[in-house]
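Notes to accompany the following structure.
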Amino acid sequence: MLVQFKFKNFLSFKEEVIFDMTAISAYKEHEYNLTDIGIGEKFLKVASVYGANASGKSNLCVALNCFQDIIKESLNNTSDRERTVLSKCYNPFRFDGDKNNIEFQVVIISDGFEYTYGFEYNDVKIIEEWLYRRNLETNRMSIILERDEDNVNLGASVRRECTKFKDQVSSDVLVLSFFNKLKLKAKDFSNVYRSIVSNILVAYSDFGEDVGVLEDFLPAVIDDEEEKSNLLEFLSAIDTGISDVIYKVIDDKIRFYTIHLDSDGNQYPLYLFDESSGTIKGIEVFIFIKAAVYNDGVLVVDELNTKLHPLLLKFLIDLFYDNKSRAQLIYTTHDTTLLDKKFFRRDQVWFVQKDSVGRSELTSLAEFKVRTDASFEKDYLAGVYGGIPLIKEFELRG
């Protein structure tokens with residue numbers, strides 16, 4: 001479960017950004033929008049991020065994706081001619097002439113512990129890295145890892161097992177990535193690595209056009225009777241007219257077909273990619289949502305609303321509410337249809353605004369004084385919360 005993601009000096013975000021999925025206890029509306037794991041605090045199942053074009057809201061997704069990439073790839077060897085993952089993911093704010101370090105940090109809950117993990121880096125090396133653990137039953141805090149440019153300090157719970165290896169960690173490799181590869185009795189490194197790399201899926205706005213995603217995942221869904229039944233129920237629920245989905249392997253290539261019925265029950269196959277782009281994206285989103293819900297994962301989607309009808313968007317969001325899973329959905333959007341107190345709590349809505357020198361700022365709706373009778377959508381479009389385009393007068397001349 002994702003509790004918080006924090007970063008600094010990445011792309012259009014110069015100052016520190018804190019995106020928090022912790023529910024505000026003072027808000028009593030929409031309790032079903034929350035997950036309660038019995039520790040006093042509750043957590044959001046869904047959060048939406050609004051902002052104008054080029055405001056920087058997609059950079060929130062990019063930041064999380066780069067954070068994952070560095071963790072996954074920092075241990076990989078590269079030749080002298082290849083860029084390291086640190087170099088590829090070094091994208092600091094560039095409009096002030098400074099090239100400062102970038103910082104990433106997450107707070108996650110896994111296996112009865114709350115972990116705080118983060119690092120600071122530049123295009124050459126890791127500057128600092130830290131990992132702390134809080135026992136959710138006893139509230140006891142423990143240091144697992146503290147690293148600077150000169151030393152790697154390990155906490156008491158992992159020191160005996162890991163000290164003999166720490167000098168093998170080079171300056172451009174994360175300690176977390178290194179120790180995750182070892183077969184250790186201590187599970188903290190593997191728990192955190194898995195929770196960040198495997199349990200958080202970041203999808204971009206064009207993922208509905210990615211044939212590879214369907215080739216990788218859809219055959220397994222079709223081959224599993226229960227999963228296929230769920231998919232067909234979903235396609236029926238969103239009124240696609242599809243009665244079946246099949247695939248064939250032709251010349252080592254997978255081809256998917258949907259089956260439609262006429263009024264007499266006759267079957268007519270249609271190549272899947274001749275279906276509407278909204279239907280294709282709906283299938284892909286459903287696959288990702290099922291994976292997230294089944295694994296108590298986190299799905300982060302940039303421009304989720306693209307190619308989806310507002311009612312279908314709400315249907316997909318509601319899948320996170322209508323089950324006992326701890327899965328979470330974070331998405332960016334322009335669509336204000338669901339920006340309504342009937343659907344969302346104030347702590348579920350965020351806005352990204354870019355200032356005159358290109359710096360993005362992230363603000364929660366909870367930070368504004370909102371009247372009880374206020375319309376979220378109306379006030380947003382009126383510019384009360386920021387995050388809208390500043391459109392100037394323009395005359396098109398022939």
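Only this structure's heavy atoms are used, side chains among them; waters, hydrogens and symmetry mates stay out.
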* To do: Using only heavy-atom distances, determine whether the side chains of Asn191 and Ser110 contain a donor-acceptor pair under 3.5 Å.
  => no
* Can Glu303 and Lys57 be counted as an ion pair, charged N to O under 4.0 angstrom? -> yes
* Check ion pair Arg194-Asp111 (N to O, under 4.0 angstrom) -> yes
* Go through the steps for Val245 and Leu235 under the test side-chain contact (heavy atoms from CB on, under 4.5 Å), then give the verdict. => CA-CA 10 Å; Val245 181; Leu235 293 174; 3.8 Å; yes
* Under 3.5 Å, is there a donor-acceptor pair linking the side chains of Thr84 and Asp172? -> no
* **Donor-acceptor side-chain pairing of Tyr132 and Glu146 below 3.5 angstrom** => yes
* Please check if Leu75 and Tyr121 belong to a single hydrophobic cluster, counting links between Ile, Leu, Val, Met, Phe, Trp and Tyr side chain heavy atoms closer than 4.5 Å. => yes
* Asked: CD of Glu137: more than 12 outside heavy atoms within 6.0 angstrom?
  -> no
* Is the Lys NZ or Arg CZ of Lys6 less than 6.0 Å from the centre of Phe104's six-membered ring, within 45° of the axis? -> no
* To do: Please report the C-alpha distance between Tyr257 and Tyr247 in whole Å, then the side-chain angles of each, then the deciding distance to 0.1 Å, and finally whether the ring pair (Phe, Tyr, Trp, His ring centres under 6.0 Å) criterion is met.
  => CA-CA 6 Å; Tyr257 297 90; Tyr247 72 92; over 10 Å; no
* Asked: Do you know which two heavy atoms are closest between Leu329 and Met21, and how far apart they sit?
  -> O-CE, 4.5 Å
* Asked: Is there a donor-acceptor contact under 3.5 Å from the side chain of Gln348 to the main chain of Val46?
  -> yes
* Asked: Given Glu361 and Lys354, is the salt bridge (Lys or Arg N to Asp or Glu O under 4.0 Å) satisfied, shown in steps?
  -> CA-CA 6 Å; Glu361 297 179 351; Lys354 185 177 285 187; over 6 Å; no
* For the residue pair Asp296 and Ser325, confirm or rule out a side-chain donor-acceptor distance under 3.5 Å. => yes
* To do: Please confirm whether Arg133 makes a cation-pi placement over Phe113, using NZ or CZ under 6.0 Å from the six-membered ring centre and within 45° of the ring normal.
  => yes
* Taking a hydrophobic cluster as the set of Ile, Leu, Val, Met, Phe, Trp and Tyr residues connected by side-chain heavy atoms closer than 4.5 Å, whether directly or through intermediates, do Ile109 and Val293 fall within one such cluster? -> no
* Looking only at side chains, do Gln4 and Asp20 share a donor and an acceptor under 3.5 Å apart? -> yes
* Heavy-atom side-chain proximity of His334 to Asn53 below 4.5 angstrom -> yes
* side chain to side chain donor-acceptor pair (under 3.5 Å) assessment of Glu275 paired with Thr258 -> CA-CA 8 Å; Glu275 294 280 0; Thr258 57; 2.6 Å; yes
* Asked: So do the side chains of Phe43 and Val3 get within less than 4.5 Å of each other, counting heavy atoms only?
  -> yes
* Would you say the side-chain atoms of Asp302 and Ser58 include a donor-acceptor pair closer than 3.5 Å? -> yes
* Mind checking whether Ile102 and Asn122 have side chains closer than 4.5 Å, heavy atoms only? -> no
* Kindly work out whether a path of hydrophobic side-chain contacts (I/L/V/M/F/W/Y, heavy atoms less than 4.5 Å apart) joins Val221 to Leu232. => yes
* Measure from the side-chain N and O atoms of Asn59 to the backbone N and O of Val62, and report whether any donor-acceptor pair falls under 3.5 Å. => no
* Side chain proximity check, Val169 to Arg147, heavy atoms < 4.5 angstrom -> yes
* Begin from the C-alpha positions of Asp188 and Ser157 and carry the test side-chain contact (heavy atoms from CB on, under 4.5 Å) through to its verdict. => CA-CA 9 Å; Asp188 294 310; Ser157 63; 4.1 Å; yes
* To do: Check whether the ring centres of Trp350 and Phe19 lie less than 6.0 Å apart, and answer yes or no.
  => yes
* Min side-chain heavy-atom separation Phe351-Val49 under 4.5 Å -> no
* Any link between Leu308 and Phe320 through a network of hydrophobic side chains (Ile, Leu, Val, Met, Phe, Trp, Tyr) touching at under 4.5 Å? -> yes
* Ring-face cation of Arg134 near Tyr115 (centre distance under 6.0 Å, axis angle within 45°) -> no
* Lys/Arg N to Asp/Glu carboxylate O, Lys8 vs Glu16, below 4.0 Å -> no
* Going by heavy atoms in the side chains, are Asp335 and Pro310 under 4.5 Å from each other? -> yes
* Check: Leu339 main-chain N/O paired with Thr336 side-chain donor or acceptor under 3.5 Å -> no
* Which distance, rounded to the nearest 0.5 Å, do you find between the CG of Leu176 and the CG of Leu145? -> 8.0 Å
* Please name the pair of heavy atoms, one in Ile196 and one in Tyr117, separated by the smallest distance, quoted to 0.1 Å. => CD1-CD2, 3.9 Å
* Asked: Can a salt bridge be assigned to the pair Glu367 and Arg346 using a cut-off of 4.0 Å between side-chain N and carboxylate O?
  -> no
* Verify side-chain contact (heavy atoms from CB on, under 4.5 Å) between Leu304 and Thr306, making sure each step is shown before the conclusion. => CA-CA 6 Å; Leu304 177 59; Thr306 303; over 6 Å; no
* Determine the interplanar angle of the Phe286 and Phe234 rings, folded into 0 to 90°, and report it as parallel if under 30°, tilted if 30 to 60°, perpendicular if over 60°. => parallel
* Output, in order, the C-alpha distance, side-chain angles, deciding distance and verdict of salt bridge (Lys or Arg N to Asp or Glu O under 4.0 Å) for Glu29 and Lys341. => CA-CA 9 Å; Glu29 65 270 26; Lys341 66 179 64 179; over 6 Å; no
* To do: Return each pair, listed once, that meets salt bridge (charged side-chain N to carboxylate O under 4.0 Å, His left out) where at least one residue sits in residues 220-238; pairs must be two or more places apart or across chains.
  => Lys228-Asp244
* To do: Please determine, by modelled atom types, if Glu103 and Asn9 share a side-chain donor-acceptor pair under 3.5 angstrom.
  => no
* Asked: Which atom names give the shortest non-hydrogen contact between Asn100 and Pro92, and what distance separates them?
  -> O-CB, 3.9 Å
* Asked: Is a salt bridge present between Asp347 and Arg345, judged by a nitrogen-to-oxygen distance below 4.0 Å?
  -> yes
* Run the side-chain contact (heavy atoms from CB on, under 4.5 Å) check on Thr332 and Cys61 step by step: do they pass? -> CA-CA 9 Å; Thr332 71; Cys61 303; 4.0 Å; yes
* Hey, which of Asn230, Leu319, Val285 is the one that makes side chain to side chain contact (heavy atoms under 4.5 Å, CB included) with Lys290? -> Asn230
* Step by step, work out the ring pair (Phe, Tyr, Trp, His ring centres under 6.0 Å) result for Phe119 and Phe67. => CA-CA 9 Å; Phe119 55 86; Phe67 177 62; 5.4 Å; yes
* Asked: Side chains of Ile242 and Ile259: closer than 4.5 Å at any heavy-atom pair?
  -> no
* Asked: Can any side-chain N or O of Glu120 pair as donor or acceptor with the backbone N or O of Asn101 at less than 3.5 Å?
  -> no
* If you draw a 6.0 Å radius around OH in Tyr32, do more than 12 non-hydrogen atoms from other residues or ligands fall strictly inside? -> yes
* To do: State, with a plain yes or no, whether a side-chain heavy atom of Leu338 is found less than 4.5 Å away from one of Ile317.
  => yes
